[in-house]
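Working notes, beginning with the structure itself.
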Number of protein chains: 8
Amino acid sequence: IRTGMSEVIYCPGKSVDQTAQIALRLYERTGRVLATRAAPEQFDAVRALIPSAVFHTLARLISVGEFPAPKNPDRYVAVLTAGTADTPVGEEAALTLEWQGTRVERLYDVGVAGLHRLLDQLPIVQGADALVVAAGMEGALVSVVAGLVSRPVVAVPTSVGYGAAFGGVAALLTMLNSCAGGVAVVNIDNGFGAACYAHRIVNV
Amino acid sequence: IRTGMSEVIYCPGKSVDQTAQIALRLYERTGRVLATRAAPEQFDAVRALIPSAVFHTLARLISVGEFPAPKNPDRYVAVLTAGTADTPVGEEAALTLEWQGTRVERLYDVGVAGLHRLLDQLPIVQGADALVVAAGMEGALVSVVAGLVSRPVVAVPTSVGYGAAFGGVAALLTMLNSCAGGVAVVNIDNGFGAACYAHRIVNV
Amino acid sequence: IRTGMSEVIYCPGKSVDQTAQIALRLYERTGRVLATRAAPEQFDAVRALIPSAVFHTLARLISVGEFPAPKNPDRYVAVLTAGTADTPVGEEAALTLEWQGTRVERLYDVGVAGLHRLLDQLPIVQGADALVVAAGMEGALVSVVAGLVSRPVVAVPTSVGYGAAFGGVAALLTMLNSCAGGVAVVNIDNGFGAACYAHRIVNV
Amino acid sequence: IRTGMSEVIYCPGKSVDQTAQIALRLYERTGRVLATRAAPEQFDAVRALIPSAVFHTLARLISVGEFPAPKNPDRYVAVLTAGTADTPVGEEAALTLEWQGTRVERLYDVGVAGLHRLLDQLPIVQGADALVVAAGMEGALVSVVAGLVSRPVVAVPTSVGYGAAFGGVAALLTMLNSCAGGVAVVNIDNGFGAACYAHRIVNV
Amino acid sequence: IRTGMSEVIYCPGKSVDQTAQIALRLYERTGRVLATRAAPEQFDAVRALIPSAVFHTLARLISVGEFPAPKNPDRYVAVLTAGTADTPVGEEAALTLEWQGTRVERLYDVGVAGLHRLLDQLPIVQGADALVVAAGMEGALVSVVAGLVSRPVVAVPTSVGYGAAFGGVAALLTMLNSCAGGVAVVNIDNGFGAACYAHRIVNV
Amino acid sequence: IRTGMSEVIYCPGKSVDQTAQIALRLYERTGRVLATRAAPEQFDAVRALIPSAVFHTLARLISVGEFPAPKNPDRYVAVLTAGTADTPVGEEAALTLEWQGTRVERLYDVGVAGLHRLLDQLPIVQGADALVVAAGMEGALVSVVAGLVSRPVVAVPTSVGYGAAFGGVAALLTMLNSCAGGVAVVNIDNGFGAACYAHRIVNV
Amino acid sequence: IRTGMSEVIYCPGKSVDQTAQIALRLYERTGRVLATRAAPEQFDAVRALIPSAVFHTLARLISVGEFPAPKNPDRYVAVLTAGTADTPVGEEAALTLEWQGTRVERLYDVGVAGLHRLLDQLPIVQGADALVVAAGMEGALVSVVAGLVSRPVVAVPTSVGYGAAFGGVAALLTMLNSCAGGVAVVNIDNGFGAACYAHRIVNV
Amino acid sequence: IRTGMSEVIYCPGKSVDQTAQIALRLYERTGRVLATRAAPEQFDAVRALIPSAVFHTLARLISVGEFPAPKNPDRYVAVLTAGTADTPVGEEAALTLEWQGTRVERLYDVGVAGLHRLLDQLPIVQGADALVVAAGMEGALVSVVAGLVSRPVVAVPTSVGYGAAFGGVAALLTMLNSCAGGVAVVNIDNGFGAACYAHRIVNV
Ligand SMILES: Nc1ncnc2c1ncn2[C@@H]1O[C@H](COP(=O)(O)O)[C@@H](O)[C@H]1O
Ligand SMILES: Nc1ncnc2c1ncn2[C@@H]1O[C@H](COP(=O)(O)O)[C@@H](O)[C@H]1O
Ligand SMILES: Nc1ncnc2c1ncn2[C@@H]1O[C@H](COP(=O)(O)O)[C@@H](O)[C@H]1O
Ligand SMILES: Nc1ncnc2c1ncn2[C@@H]1O[C@H](COP(=O)(O)O)[C@@H](O)[C@H]1O
Ligand SMILES: [Mg+2]
Ligand SMILES: [Mg+2]
Ligand SMILES: [Mg+2]
Ligand SMILES: [Mg+2]
Ligand SMILES: [Mg+2]
Ligand SMILES: [Mg+2]
Ligand SMILES: [Mg+2]
Ligand SMILES: [Mg+2]
């Protein structure tokens, strides 16, 4: 297997039945299942076939099987979010990392409107081997964080906001233009992709 | 006169001759001239008619007549820029304010990629009665500054940047979405307009 | 507390339960609550926990506690709207201002299609210390108002309109390009932000 | 001939030679020539072949032959512009109308930033049989004028402005969304097309 | 009354009650009501108060009172649509014209994919005093019609289509760029506005 | 060789020297050269090395070697353009087809503003085995042509136009939305690509 | 009949009744019906009137009458899709082709993330007389396929994806810019149009 | 020093003199200079002050001082480009990496139009510790490469292309939507930023 992560189910656009059947087949072959962007009804269908399935509500993830202990407890990915509304994307990233055996430190709700909250946690920020930063609206947190660290930042624009946020486009542009360096960007709301990317970085 | 600022010449699209004639007429009527976005040739033509004309190269401003002493030296507008390329917009704002008799404190090149440069100047930032913040690329400086002050921030996106900066649109969206509150935005590169606005605020 | 306004609940994306719990906590700590963009069900949940809660239907605001008398009755913010459909944004701004102790004069439905309605109220318009102008569709009211006053105008584009209104983008661009000067712009439908900004201006 | 106007030369993208040859052929067949968006060099080439050719610098038009007296002197089209930079578009429209034998009244530089200039001319505005209104930046003049008259307004967005004017798009959207009614819009900077349209209206 | 049409109710965003109350007030004052973009429930509420109200389903119009006989039966506006899905916009325009006492000829479903349907009706097309042309998708009908007539065409882009139709933007751009001349454009789906404009043209 | 067309030089972004050297190498290997979007100086450099080189000014093509007689004279591609400004794109397509040995019939300047010019040539249009249709501005010619034929139409939007033509985007959208069926679209101004595609169709 | 395909019902925007009535009329006249983008309720209504109607769930097609045997079994169109979510568009294309008597080979879920799946099927890909390639998200499959074949590729962007996929725009741009040559593009999700186009190609 | 890379001069917008002075100061302090996006005249000015300065024409870089031997010769970053026009961006990335002491393997002109060129180099591609992939037009190379490796891909959209390439936006969207996973994106043409990012990855 190329990436060690390819067998993950992306739930949107799949019927409740399809989701459950794909999960069952995966479970029978590998003993583990991870499904992203799951709706509660999709979870119910999966649990009917696989009673040990767990629903991570905030992250909208279904998992079957253990989250392994970190392979390398000295290395961790810091997952930061700007506001409470960014938590689902942050948790999608954090749990995906832990599912892959990568240690995570969460720093949520540390947006730049209250800079001290971020600066109070500087050691955790600067000690990370890679960082996932999820932010919506204007996404300025990414630039500030990237200015504080020397490790790669994986930026995730979120669709949080209204009006001129344009469903995440404002945050996306902010992150692509980050003048701080050390920033690369994934698709809007793609916490899963950011986690896979950060996992590849820390397991170089 | 409604705003005290209406008699300002906007140079783009005016011929060298037109610019000089308009300046002369204004000079004869009021003894003072301010012209914005002036090209060097436009300045040459003005100086040929009005020898006391001064060219503020960086700000691309022509002035004739004194910059008055601040009417109220206790109040000042802080003009901040993120990077050196934002200086022309910052200077357009700063000189326009001083031309109107408003005291200015300049804090240039304090972008979020090096946060300490901003935090080192916190007393000046927090002591201002209004702030003009000019930034291009991702424009994150606005959100950070707005999170540190309780006074109104006039945000000026600049066309600095390339690619996904889209000529100032990325910075514009950042500023419109600023989650910090206390931010209102003027047109891209409109240092002049930001100055007029800040002047109205501090002269309430 | 930096701005005196930071403890306001933004309801969208929060569950009915979350909203009520956050409101309760805020109420117990400060005795006052303001929540914006509230749905009726969110209000029901809040009132179940805090019986004195009030729902301002038009403005979609929940408040608990008194609206204070104006601190400075000589100064007021004029809140103007162009059409009836802009009323919710106008009321969000007006009540937010009053909640902060700033006097408000409302001038609703004075769009430029019937210019006389605006000109009939010229003394109130020109007597204001700051103005909040909310308009959708083409947003021309802002330019006209800004041409009549010498005080700062806080422009709020609204998402009112259809087709080429593009959810408020047409009005946003109009306001950013206002040739009248003295205009700064907040995000689409952001009556709350406009109010906070105007409050800062008049309490300089 | 269907419209009486089809034999007009659009100069951009034509070489100096092509322009002159096409003009000569037209002249030999009809004794009259009108060419729009002409560069000075194109005019020089035309005049070399047709000495009676005239260059209308501001309007960027070349004409050969008489401008006829108005066929119907009681009817006129009012051509309004918002700012001095809109004059070329206004003149393109005005001269095209006069070339077709339609009487024109010009009201230039009557933008909404100084509303009184427009209101001072109300009788001319309200007496027109059709109106061409050219405006750039935010284009608000169209809505105000349309609110004052009961005759059709042909709106021409101009590319005047910078930043979020987006080369005329902001004005275009303003005009398409005009809440005043009685407005229809032609392409950005299309003074010629607006004139043809207004001519068709008054010659119903 | 300036336009004779200002007393028309625009239903979207109004509650069932509001709509009925506004209609009643209008009815009591003028004896006539026209309401556009009405939902069936809004009609039910109106009819409960005004039993003589009529619902024009296809056009989504509510009317109370007579449609007058054409004031000038020699003059008519041709209303053309490209496809069946454009009928609601076409009918909104046609009935609005008839409500104002202007004669209408309808030519529906004459899109350019079957050019003969249009060419078969050439006398009606070319005999009209003004034309309203509604088309979605690529909107090419406007250019073809404008090439066949010497009277003004009021173009209405519709939101019919999918994908790269972008909710009417493709048709809007087509119409603004019409190389045929004699075209001016109103907002997407704005059959009402097109009718008011055409009415002004034929009643010059 | 997969397509028989891969050895074509795309000139933009190549220096005069690079262009000439690449042409020479190609000439020495195959005895033939085709270069697209060539500037006059690039042609001069090529002719200095290959005296038999020919410059097709209108099409901006450089060729070395014979244009072969059509392989199948019974089959032809009709190349249509809407206006004179579309000729360069039309010629790029036509010559590229002839270079590949495909017979071409040219129908230029048959835009929908003068429909009769197109209808006069109906037999040539309807006799073609494939059609390339190049049009700028609103691009309506494609829909009309596609409604008249039962063979595939390769649509080429051109960047001809101004204002809301947006450099070819308006024509591109028109063509993608063509309600006539039988239309597929290539990139803006891509006459070369359209020719290759049409060549593949007729040589099935 | 010009195209042999014009009598196809496009269901969106038609009521259940309208759909059934149009289908019945078509059935009575021709004995065959094809309806695209049908909702289950629309199918129910059709089957109530025409019991032999069949619903192709995945393709969202209703058919009445036989799918003919391929007229020319030696020629086939390969229909490729990138991911499972693109299957509806692929099936719309494949069944439309078969309905017209064109042989189809399906290659589904061969996106570039697992290149070997595509390369494993190279003989089928390279043996096709035309190819329909449907892909969403970044749509890269089109470029890869076009690089492998010498026959025309009809590219269909799909609206599959989220965030910066912008409802199919990202895939549309990818396909329009395909550097591989031999690609022409239809509207987003337009499997039906792609099939008609490919049918025209192979039946040249 | 935080990143070891902060002392790099970005030349655009700096005068020839400014560039040379900044370079000199940097040289005197550190003995080394790297300047990006340099124009030939800027290089001349630098060399006048620092005779040992070298101009890397293709990469538009000025360097003073040695490129160090790779710190870790076992690890390398593969830099891939799709076409010759992408070489400047590729070289900017490659030289920036080598300047920082990271080993680079270059694979240029391996775009998906000729897939075999990429597949022929599979061992180098799959042996890399990180990859920088620069591509313009449709940018499909990124998705194909990411599907072949298990290491992080830093994607750089380039502004190569025309028409619907929109100056790099098409490639940017492609890369953000890459369905292959393991991709993160930097700004259009930002080879420098991609190099810094890849350097951080391999030096974890
Ligand atoms: N939330 C997500 N966002 C983006 N890609 C995902 C996500 N979840 C899963 N994937 C990818 O989608 C693939 C599965 O897609 P599918 O075969 O349609 O279920 C997985 O192998 C992952 O690489
Ligand atoms: N740099 C500037 N940006 C925006 N507006 C300006 C600028 N400079 C001057 N103005 C405004 O433009 C008006 C003069 O415009 P004009 O009559 O065209 O010269 C002045 O009254 C100012 O309000
Ligand atoms: N369908 C429509 N599209 C655009 N404007 C309309 C429409 N129907 C009515 N109007 C205008 O909207 C005004 C009424 O707006 P309101 O006061 O919000 O009901 C009328 O006077 C008309 O000018
Ligand atoms: N899925 C589809 N996408 C695009 N066009 C379609 C589709 N299905 C049918 N059509 C076309 O739409 C026409 C019927 O449109 P209508 O008369 O509105 O039912 C048919 O003749 C087809 O050319
Ligand atoms: Mg927060
Ligand atoms: Mg700096
Ligand atoms: Mg109103
Ligand atoms: Mg003016
Ligand atoms: Mg139809
Ligand atoms: Mg022509
Ligand atoms: Mg798949
Ligand atoms: Mg290449």
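In what follows, every heavy atom counts, from backbone to side chain, and hydrogens, waters and symmetry copies are set aside. In the text below, chain A, chain B and the rest are named by the order of the sequence lines, each starting its count at 1. The structure displayed is predicted, hence computed values, not measured ones.
- Between chain E and the residues F:L176, F:L141, F:V145, F:L115, the most heavy-atom pairs under 4.5 angstrom are made by F:L115.
- Contacts between F:Y162 and chain E at a heavy-atom distance below 4.5 Å involve the backbone alone (N, CA, C, O).
- Counting heavy-atom pairs closer than 4.5 Å to chain E, the top-ranked of the candidates F:V169, F:V144, F:V142 is F:V144.
- Heavy-atom pairs under 4.5 Å with chain E peak, among F:G161, F:G139, F:A140, F:A164, at F:A164.
- How far SG of E:C179 is from CE of F:M137: 5.0 Å, rounded to the nearest 0.5 Å.
- Shown here is E:Y108, whose OH atom has more than 12 heavy atoms of other residues, nucleotides or ligands within 6.0 Å.
- Neither the backbone nor the side chain of E:L172 comes within contact range of chain F; no heavy atoms are under 4.5 Å apart.
- What you find for E:L173 and F:A170 is that their closest heavy atoms are CB-CB, 3.8 Å.
- Listed here is the closest heavy atom pair of E:A165 and F:N177: N-OD1, 3.1 Å.
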